[in-house]
Number of protein chains: 2
Amino acid sequence: MAATMREVARRAGVSVATVSYVLNGQGAVRGISEATCSRVRRAMSELQYHPNALARGLSHRQTHTVAVVMQYPAIFSGWSGFTNELMHGITDTALEVGYDVLLHTRNVASDVEAVQEKHRRELSVLLDGRADGALLLRDEKDPLANALLEAGFPFVMMFSHSADKRHWFVDCDNMEGARLAVEYLLSLGHRRIAHLAGSDVSGAARERKQGYLKALADAGLPAEYQMVIDAFSVEHDLGPVVEMLSKSDGERPTAVFSWSDDVAINLISLLRQNGVRVPEDLSVVGFDSTTLCDHTDPPLTSVHQSVYNMAATAFRLLAANISGARPDETAVRVQPRLDIRKSCAPCTGSLSLP
Amino acid sequence: MAATMREVARRAGVSVATVSYVLNGQGAVRGISEATCSRVRRAMSELQYHPNALARGLSHRQTHTVAVVMQYPAIFSGWSGFTNELMHGITDTALEVGYDVLLHTRNVASDVEAVQEKHRRELSVLLDGRADGALLLRDEKDPLANALLEAGFPFVMMFSHSADKRHWFVDCDNMEGARLAVEYLLSLGHRRIAHLAGSDVSGAARERKQGYLKALADAGLPAEYQMVIDAFSVEHDLGPVVEMLSKSDGERPTAVFSWSDDVAINLISLLRQNGVRVPEDLSVVGFDSTTLCDHTDPPLTSVHQSVYNMAATAFRLLAANISGARPDETAVRVQPRLDIRKSCAPCTGSLSLP
DNA sequence: GTCTTCAACTTAACCGGTTAAGTTAAGAGG
DNA sequence: CCTCTTAACTTAACCGGTTAAGTTGAAGAC
């Protein structure tokens, strides 16, 4: 079907080696005459020759392809823009540094045995020679990172981190992000601040919760001010939050810090349905501050991490790793900032300040 | 570095062929004894052997990988959820049918020569043996489809269509979608309906504009009722729309049909800044009806096409194409429906009904 | 006239698998 | 005792490239 190098060689009346040298621009170095070069090039275009990347990759032991491995099966089911921005950063940088992207998502396994089998196969897929390295969007406790380390396969973790110096990563300081959100709400006079928490499976979600708890503690607020409500994804039922708001004045939250933008936006629309005004009745802060936050009503105050830049940085780190470079900084921690929009107002509720 | 089949063979004391047969579960068929099989398997796990997919692909002439080719470089820069839903459908189906996904985005070339060169290289990347087929998210006029056809490379177009029977595609009936939107607005009494149009480069955008114009014409409205404003992306300046609203009562639009959700949402937030209420002062209809439409204020009435299902269908069609099947229906047209939410109201303006 | 040198190639091994076509030794059949 | 089968493997060609190590013929040196 597709023309091979041998066919090109036959048509040009030369050996395959000559074709290969011409193809790779080694003509001059290897002393191939200009006449032969153009004869070969003509044969290539006449036969519509396209070199086979598998054969080439097999010889070179590299494919200029990186694998992107997503932790969660439903990473594309959110709508806050996180994944879009992530993919945008990855694909832009791929073009820039000349790599292709192999996308791996995985489905969750039910029982322990299946998990092990899945893990083994997942590793196989990464080490099967198609990719030169991997970008991991996974929890730091995931065994994959250590398995890759052991196999000597270059990788960089994104939105996750590790104390192990051999792990390269680009992550946001989630504790700090949570602190920014909570301190801002405290500065507006809020004391009863609830937290919509993500799943503990996600390191980022866990840290944001810890940051929330620590910020409350640092402010000297007693334990009963800690209000954590699970809201893992946009599908999660937010009924408990609405119920909470019907508590007495001194006990109900006047502000909410959500671990993610989409959950925050989901909450806002639910509140609207229930006649609760944002920010007059309840202040809301999200996390990620994607473009969408500018377009909600009210525009959502949110902790910003530059997902695009972080993805790009991770990709460049990976490219360095693959090429054998050992930069000084292989563990990048990005400082978040708070993007103040219009979803928070000073606390007006009659509160018992401690 | 990574263990090869020869090393496994040596350790197990057998030939590489035997290892290969065991690896592929052909042990029984090929009459390999159970003892030898387990010896080989032990050697594999002791050496942490992972078969090389390039070598395997080279032999088999297939890689169980499909390429996804995006038309626009900034496909991931939108935030309406279209791309998320698309990628979700693709990755879910990839897992289901056992394929991996190679992601190709492309950057636009400036001059004509560069375009040709880019086109040639793009074709090379697709025909280089790494992928068994391609999903194209591109305009129907794009030369890539015909080039692939000529090369005998399986592909399916998504969100684009063609009269050529040899082109397989899954597309939405955009004309019909536009008709649904406009007729709904007409039924609410609107006559001055503006259209926010996408770039003519996009076939879908072009058809939605045509559908809008046709629906107006079919309703017997004269040409001066046609108000088309360019709004290619979320970055596009929507100032002209706001200006238009300051026209006299009989001339200003009372409704807007936007070719895409994100542009519609962008418009709504701009209107809010200018004190224009939706839907009281202006009705707005979008296109795609992604989950996000439920969470805007007001929830956005929008023409629905099931992006997730369309992507999944396209993937399955491609899998069939690759495996040599020739299904009856290789050209799938999905009928859109209108998701009525809260962004439209009956027309109250003093209008001169024709 | 012979020896070098060099330009311009070719040969062949290799990358890591697959698989059709052998090979070998043991046991069955006559 | 010899031939035939068959189970249990091995050999080697092939997939389509890369590249170190030749080969060849002609020009130039002595």
Side-chain angles (χ1 to χ4, degrees), chain A residues 1-41 43-44 47-65 124-125 127-132, chain B residues 1-41 43-44 47-65 124-125 127-132:
Chain A
M1 179 145 67
T4 71
M5 197 168 244
R6 332 252 151 193
E7 298 172 48
V8 173
R10 172 175 308 156
R11 178 176 263 254
V14 295
S15 72
V16 287
T18 304
V19 176
S20 179
Y21 289 133
V22 172
L23 184 65
N24 297 299
Q26 301 247 329
V29 185
R30 284 278 151 186
I32 313 281
S33 72
E34 191 42 56
T36 305
C37 280
S38 58
R39 208 145 31 87
V40 168
R41 271 192 278 265
M44 282 184 189
L47 291 172
Q48 307 225 43
Y49 170 71
H50 300 283
N52 185 300
L54 300 182
R56 199 179 266 195
L58 198 52
S59 276
H60 278 141
R61 276 96 175 272
Q62 60 168 313
T63 57
H64 287 283
T65 303
S124 258
V125 167
L127 300 179
D128 70 7
R130 286 182 300 176
D132 299 337
Chain B
M1 177 147 66
T4 72
M5 198 168 243
R6 332 251 152 194
E7 297 171 49
V8 173
R10 172 176 309 156
R11 177 176 264 253
V14 295
S15 71
V16 287
T18 303
V19 176
S20 179
Y21 290 133
V22 172
L23 184 65
N24 296 299
Q26 301 246 330
V29 185
R30 283 278 150 187
I32 312 281
S33 71
E34 192 42 57
T36 306
C37 280
S38 57
R39 207 148 28 90
V40 169
R41 272 192 278 265
M44 283 182 187
L47 291 172
Q48 307 225 45
Y49 169 70
H50 299 282
N52 185 301
L54 300 182
R56 198 179 267 196
L58 197 51
S59 277
H60 278 141
R61 277 99 174 276
Q62 61 169 311
T63 57
H64 287 282
T65 303
S124 258
V125 167
L127 299 178
D128 69 6
R130 286 183 300 177
D132 299 337

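So that the names make sense, note that chain A is the first sequence line, chain B the second, and so on, each numbered from 1.
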Polar side-chain atom of [X] near backbone of [Y] as donor-acceptor pair, under 3.5 Å:
| X | Y | result |
| --- | --- | --- |
| D128(A) | P51(B) | no |
| N52(A) | L54(A) | yes |
| T63(A) | R130(A) | yes |

| Counting only heavy atoms not in R39(A), do more than 12 fall under 6.0 Å of its CZ? | yes
| Any side-chain heavy-atom pair from V14(A) and V19(A) closer than 4.5 angstrom? | yes
| query | When you check every protein heavy atom under 4.0 Å of nucleotides 6-17 of chain D, what one-letter string (B, S, -) results, 5' to 3'? | reply | --BBBB---BBB
